[in-house]
Every structure is written in structure tokens, then in C-alpha cells.
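Basis for what follows: all heavy atoms, side chains included, without hydrogens, waters or symmetry-related copies.
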Amino acid sequence: TLPVIPELTGEPARGRRVDNVSVLPATVTVSGESPAVRGLESITTEPLDISDPAVELVAEVPLLLPEEVTTAGEGVVTVIVTFTEALGSRSYEVGTALTGARPGFSYQLEEPSVSVVLSGPVRQLDELAPDEIRVEVPAGELGVGDNVVMPIVRTPRGIEVVRIAPPTVAVTVAEAS
């Protein structure tokens with residue numbers, strides 16, 4: 001009795017990755033000339049193309065048996081391949097925007113933009129438009145003078161902020177003249 005190892009070819013559809021591979025039955029009983037059988041550690045299948053865009057691929061795949069080796073049964077196994085979203089990260093340069101500015105005061109942002117590293121499903125990152133990432137610098141509670149503020153990064157659902165650089169921005173507040 002030997003384990004069955006499926007041979008997968010191709011790449012998963014864009015934005016997907018292989019999550020799990022199952023073979024039914026997972027093992028097969030082989031027979032044949034003693035030296036040929038004794039040298040085997042596993043049995044492979046014929047190649048199975050996994051570039052299908054489905055969430056799950058179920059296929060009947062023939063076994064690749066060496067000469068002089070036979071198997072009890074049909075010589076076919078069921079291979080089940082499940083896919084999931086591929087995850088990744090991207091870096092973006094995003095302009096900063098003051099929020100909550102009060103009338104009667106002037107505000108000077110020292111950093112007009114920050115570098116933001118985001119992570120999430122690759123497909124969603126690939127389709128992310130620049131205007132879907134907002135970096136807000138809350139200014140409503142700042143006092144007159146120099147202030148150091150942690151920006152707030154707004155992203156679409158499913159996208160996480162990994163890092164923002166610099167992590168704080170300087171804002172100078174003065175009374176309007």
C-alpha cells in the first residue's frame with residue numbers, strides 16, 4: 001500500500017492560491033514484479049491543471065503506474081483542490097488631509113504625504129484606486145503652536161494598514177490674522 005501524490009500543473013487563477021489538496025483514496029495497493037514494487041515509495045497521478053478559476057476543483061485522475069506494476073481497482077483517484085484568496089501587501093504614497101480645522105485658525109502640515117503599506121487579498125489590492133485610500137490628520141483639538149499628530153488611514157473593507165511612515169506628522173497651528 002502506497003500513498004498517492006497528485007501532480008499539479010499550472011498556476012491558480014489570478015488572486016487565488018491553493019488552500020488544500022485531497023486525494024481519494026489517499027493510498028492504493030499495488031502489485032507486480034518484486035524489484036519494481038519494492039523500489040516505490042509513492043504513486044503519482046497524471047498531471048492535473050489547476051489554473052481553473054473555481055473555488056474547488058474535483059477531478060478523476062488516472063494513476064501513473066510504472067511498467068510491471070498494477071493496482072487493485074480502476075487505477076483512478078479523485079483529486080480535490082480547494083483555493084482561497086491570495087494575500088499580499090503593497091506600498092502607496094498618499095497625500096495627507098487635515099480634518100476638523102476650526103475657523104479662526106491657520107494650519108500648516110509639514111508632511112504633504114506619507115508612505116502607507118497595506119495588506120489584503122491580492123485581487124483587491126490590484127484593483128485599489130488611489131482615491132480609496134485616505135490619510136486624515138485630525139486638527140480639531142490642536143492648540144496653537146507645534147503639534148505632533150498620528151494620522152488616521154481610511155481604507156476599503158478587507159484592507160489592513162501594516163505601516164505608515166512617518167508614523168506622526170507635524171502640524172503648526174496659528175491664530176488667523
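Side-chain atoms of T172 and D146 form a donor-acceptor pair, as typed in the model, at a separation below 3.5 Å. Remark: the T27 side chain and the T1 side chain contain no N/O donor-acceptor pair separated by less than 3.5 Å. No side-chain donor from either of T44 and E7 sits under 3.5 Å from a side-chain acceptor of the other.
The backbone N or O of F83 sits nowhere less than 3.5 Å from a side-chain atom of E56 that would complete a donor-acceptor pair. The main-chain N or O of N20 is found under 3.5 Å from a side-chain atom of T82 such that the two form a donor-acceptor pair. Although no hydrogens or angles enter the test, the distance criterion places a donor-acceptor pair under 3.5 Å between the side chain of R102 and the main chain of L142. Between the side chain of T96 and the backbone N or O of P112 there is at least one donor-acceptor pair closer than 3.5 Å.
Contact annotation: the side chain of V4 approaches that of T45 to within less than 4.5 Å [non-hydrogen atoms, C-beta and beyond]. Looking only at side-chain heavy atoms (C-beta outward), P66 and L40 come within less than 4.5 Å of each other. Looking at heavy atoms from C-beta onward, E60 lies out of side-chain contact with V77 at the 4.5 angstrom threshold. Counting heavy atoms from C-beta outward, V21 and P6 have side chains that approach closer than 4.5 Å. You'll find the side chain of V116 reaches within 4.5 Å of the side chain of V135, heavy atoms only. Side chains of T78 and V58 form a contact here, defined as non-hydrogen atoms less than 4.5 Å apart. Taking the side chain as every heavy atom from C-beta outward, L118 and R90 never approach each other to under 4.5 Å. Here the side chains of E11 and S51 are not in contact, with every heavy-atom distance at 4.5 Å or above.
T70 contributes atom OG1, which lies 11.5 Å from atom CG of L63 (distance to the nearest 0.5 angstrom). Rounded to the nearest 0.5 angstrom, T99 OG1 and R134 CZ are separated by 10.0 Å. Separation of atoms OG1 (T71) and CG (L65) is listed at 6.0 Å; rounding is to 0.5 Å. For the atom pair CG of L2 and OG of S42, the computed distance is 7.0 Å after rounding to the nearest 0.5 Å. The CG atom of D49 sits 4.5 Å away from atom OG1 of T9, with the distance rounded to the nearest 0.5 Å. The CG atom of L57 lies 5.0 Å from the CG atom of L48; values are rounded to the nearest 0.5 Å.
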Between V81 and L8, does a side chain to side chain contact (heavy atoms under 4.5 Å, CB included) hold up when you go through it step by step?
CA-CA 9 Å; V81 183; L8 306 179; 4.2 Å; yes

Full working for side chain to side chain contact (heavy atoms under 4.5 Å, CB included) between Y92 and L128
CA-CA 10 Å; Y92 301 88; L128 193 60; 3.7 Å; yes

Could you give me the CA-CA distance, side-chain angles and deciding distance for L24 and I80, then say whether side chain to side chain contact (heavy atoms under 4.5 Å, CB included) is met?
CA-CA 8 Å; L24 300 172; I80 304 166; 3.9 Å; yes

Worked verdict on R17 versus E85 for side chain to side chain contact (heavy atoms under 4.5 Å, CB included)
CA-CA 6 Å; R17 67 176 176 83; E85 289 281 345; over 6 Å; no

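Linking Ile, Leu, Val, Met, Phe, Trp and Tyr whenever their side-chain heavy atoms come within less than 4.5 Å leaves V61 and L64 in two separate clusters. By the criterion of side-chain heavy atoms lying less than 4.5 angstrom apart, applied directly or through intervening Ile, Leu, Val, Met, Phe, Trp or Tyr residues, I5 is not grouped with V23; the two fall into different hydrophobic clusters. Neither V161 nor V122 shares a network with the other; the hydrophobic side chains, linked directly or stepwise wherever heavy atoms of I, L, V, M, F, W or Y lie under 4.5 Å apart, form separate groups for each.
The heavy-atom pair separating V144 from A174 by the smallest distance is CG1-CA, 4.4 Å. Nearest heavy-atom pair across V137 and P151 is CG2-CB, 4.4 Å. Across all non-hydrogen atoms, the minimal contact from I159 to L125 is CD1-CD2, 3.6 Å. In plain terms, the two heavy atoms of V114 and P166 that are nearest each other are CG1-CD, 3.9 Å. Nearest heavy-atom pair, E111 versus A170, reported as atom, atom and distance to 0.1 Å: OE1-N, 3.0 Å. Nearest heavy-atom pair, V117 versus S89, reported as atom, atom and distance to 0.1 Å: CG1-CB, 4.4 Å.
Applying the salt bridge (charged side-chain N to carboxylate O under 4.0 Å, His left out) criterion to R154, with sequence neighbours excluded, gives E136.
Applying the 6.0 Å contact sphere to CZ of R163 captures no more than 12 heavy atoms from other residues, nucleotides or ligands. Within 6.0 Å of atom CD in E141, 12 or fewer heavy atoms from other residues, nucleotides or ligands are found, so the atom counts as exposed in its surroundings. For CD of E132, the number of neighbouring non-hydrogen atoms (other residues, nucleotides, ligands) closer than 6.0 Å is greater than 12.
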